Asker: 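Okay, handing you the structure first.
Order of appearance sets the numbers: ligands from 1, and atoms from 1 within every ligand. Starting from 1, each residue takes its place in the sequence as its number. Because the structure is predicted, anything quoted here is derived from the model rather than measured.
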Amino acid sequence: MAVFELQDVHKTYKMGSETVRALDGVGLAIEPGDFAAILGPSGSGKSTLMHVLGFMDRPSSGQIWFEGKEVSRISRDRQAWYRANRIGFVFQTFNLLPRLSVVDNVLLPVSYSREKMPDKRERAMSALERVGMAHRADHVPNQLSGGERQRVSIARALINKPSIILADEPTGALDSKNVEKILALFEELVDEGQTFVMVTHDNEVAAHTRRIVRMRDGQIEEDLRR
Ligand SMILES: Nc1ncnc2c1ncn2[C@@H]1O[C@H](COP(=O)(O)OP(=O)(O)OP(=O)(O)O)[C@@H](O)[C@H]1O
Ligand SMILES: [Mg+2]
């Protein structure tokens, strides 16, 4: 069963008298274990697609199935549940909360979730171990380098054992050495079976993935598996 299936998905924004077609008839299936890069010019709809996949936004029309369930028109509460429990997010600028320790940042998705997790601290520590950051559990984000912050944000994405990790330009704010390290970590996670979709502007970053989805003007122009 596909993790995501999209059929003729549109997302339009009304700006005064103008209508922006951010997504203009997207059809896409994300299969378990996929490691995909979404490429395309600025304004082509990449982030909009990630927001729709991440239950942060709803499509204007079209259909979306998540693990076989139709989710195109679910309530905001239900969207929040999927966001907190089934999806891992990684952002370009990490989006860590500066006043919280590393381990508490990793626990944030759990605090948004209504699900009880009795072993949550152990889970957070093992996620931090997974990304090589357990030794910094009690630091705060501004005591870490950019590459280390992104590792912590990846640990946060892993805490709920998500069906899919969505990353919008996850290497965009890193220097080339840290890009290599973070990509190596992504590849390890994929080898362990994690489904992973990331937006990137960087062809070299995309070359590490196994599938390239090219967008233009809100549509998928090309979808190549390797
Ligand atoms: N909240 C919004 N309101 C109005 N228009 C929007 C909104 N969000 C996105 N758009 C428009 O939708 C189109 C697609 O935007 P999107 O952010 O998805 O592009 P992108 O491919 O991620 O670009 P970039 O590479 O610059 O991040 C753009 O024309 C953008 O201006
Ligand atoms: Mg974008």
Asker: With the threshold set at 4.0 Å, does a side-chain nitrogen-carboxylate oxygen contact exist between Asp104 and Arg99?
Answerer: no
Asker: Assess the side chains of Glu129 and Ser126: does a donor N or O sit below 3.5 Å from an acceptor N or O?
Answerer: no
Asker: Can you tell me the protein heavy atom closest to atom 26 (O) of ligand 1 and the distance?
Answerer: Ser42 OG, 2.5 Å
Asker: Starting from atom 31 (O) of ligand 1, which protein heavy atom do you reach first, and at what distance in Å?
Answerer: Val20 CG1, 4.8 Å
Asker: Which is closest to atom 15 (O) of ligand 1 in terms of heavy atoms, Thr19, Leu49, Thr48?
Answerer: Thr48
Asker: For the pair Lys46 and Asp168, find out whether any cationic side-chain nitrogen is under 4.0 Å from an anionic carboxylate oxygen.
Answerer: no
Asker: What residue and atom, counting heavy atoms only, is the protein's closest point to atom 27 (O) of ligand 1, and at what distance?
Answerer: Ser47 OG, 4.0 Å
Asker: Tell me which one of His201, Glu18, Met215, Lys46 gets a heavy atom nearest to atom 21 (O) of ligand 1.
Answerer: Lys46
Asker: Would you say Ile64 ends up clustered with Val3 if hydrophobic residues are merged whenever their side chains have heavy atoms under 4.5 Å apart, either directly or through other cluster members?
Answerer: yes
Asker: Give the numbers and elements of all ligand 1 atoms closer than 4.0 Å to a heavy atom of Ser44.
Answerer: 19 (O), 21 (O)
Asker: Salt bridge check, Glu192 against Arg130: does any charged N sit closer than 4.0 Å to a carboxylate O?
Answerer: yes
Asker: Pull out every atom of ligand 1 sitting under 4.0 Å from any heavy atom of Ala22, numbered as shown with elements.
Answerer: 12 (O), 13 (C), 14 (C)
Asker: Are any of the N or O atoms of Gly45 closer than 3.5 Å to those of ligand 1?
Answerer: yes
Asker: Answer with side chain, backbone, both or neither: which part of Met15 has a heavy atom less than 4.0 angstrom from an atom of ligand 1?
Answerer: side chain
Asker: Check whether any side-chain N or O of Arg210 sits under 3.5 Å from a backbone N or O of Phe35 as a donor-acceptor pair, and report yes or no.
Answerer: no
Asker: Side chain of Arg214, backbone of Glu221: donor and acceptor closer than 3.5 Å?
Answerer: no
Asker: Is the Mg ion (ligand 2) under 2.8 Å from any N, O or S atom of Thr48?
Answerer: no
Asker: Rounded to the nearest 0.5 Å, how far does CD of Gln92 lie from OG1 of Thr171?
Answerer: 8.0 Å
Asker: Checking the side chain of Gln63 only, and the main-chain atoms of Glu70 only, is there a donor and an acceptor separated by less than 3.5 Å?
Answerer: no
Asker: Give me the residue, atom name and distance of the protein heavy atom closest to atom 1 (N) of ligand 1.
Answerer: Tyr13 CE2, 3.6 Å
Asker: Is atom 10 (N) of ligand 1 touching the protein, meaning some protein heavy atom lies under 4.0 Å away?
Answerer: yes
Asker: Does some non-hydrogen atom of Pro41 fall short of 4.0 Å from ligand 1?
Answerer: yes
Asker: Work out whether the distance between some heavy atom of Gly43 and some atom of ligand 1 is less than 4.0 Å.
Answerer: yes
